[in-house]
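Below is one structure, written out as C-alpha cells; comments come after it.
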Amino acid sequence: MYWYNPTTRASERVEAPSTDEQAIQMLAGTQEDSAEFIEEYSKLRRSGTPIEQALVLVGHEFRLRQPEYRLTLR
C-alpha cells in the first residue's frame with residue numbers, strides 16, 4: 001500500500017498489514033502523537049473501515065494537520 005506514515009512524516013510504499021496488531025505497530029512510534037494516531041485508527045476500525053483503508057485515512061488526516069502542508073494549500 002502507499003500511504004503517509006504519520007510516525008515518520010514521510011510517504012512510503014509498504015506491505016499492507018493483515019491484522020489490527022500489525023497496523024497498530026506501524027502507528028506506534030517515538031512521536032508523542034502515536035496515541036492519537038492509534039485512537040483515530042481504532043475509531044475507523046470500529047466503524048467498519050478495512051485495515052488498509054483505515055491506515056491510509058489516518059495518514060492522510062495527520063498529513064493535512066502538518067503546518068508545512070497547510071502552507072502549500074494556501
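Predicted, not measured: the structure shown is a model, and the values here were computed from it. Scope of the values below: all heavy atoms of this structure, side chains included, with no hydrogens, waters or symmetry mates.
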Presence of salt bridge, E40 and R45, under 4.0 angstrom:
no
Return the minimal non-hydrogen interatomic distance between [X] and [Y], and the atom names on each side.
{"X": "L27", "Y": "T7", "answer": "O-CG2, 3.0 Å"}
{"X": "Y41", "Y": "A23", "answer": "OH-CB, 3.4 Å"}
{"X": "R63", "Y": "Y4", "answer": "CB-CD2, 3.4 Å"}
{"X": "G59", "Y": "P6", "answer": "CA-CD, 4.1 Å"}

Is any side-chain heavy atom of [Y] closer than 4.5 Å to one of [X]?
{"X": "N5", "Y": "S11", "value": "no"}
{"X": "M26", "Y": "V14", "value": "yes"}
{"X": "M1", "Y": "E12", "value": "no"}

To the nearest 0.5 angstrom, please state how far the CG atom of L57 sits from the CD atom of E52.
10.5 Å
Can you tell me how far OG of S42 sits from CG of D20, rounded to the nearest 0.5 angstrom?
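Spacing of CG (D20) from OG (S42) equals 7.5 Å.
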Examine distances only and state if a side-chain atom of T49 and a backbone atom of L44 form a donor-acceptor pair shorter than 3.5 Å.
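Flag set: sc T49 to bb L44 pair under 3.5 Å.
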Measure from the side-chain N and O atoms of Q22 to the backbone N and O of S18, and report whether any donor-acceptor pair falls under 3.5 Å.
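Yes, Q22 side chain to S18 backbone: donor-acceptor pair under 3.5 Å.
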Check whether the ring centres of F37 and F62 lie less than 6.0 Å apart, and answer yes or no.
yes
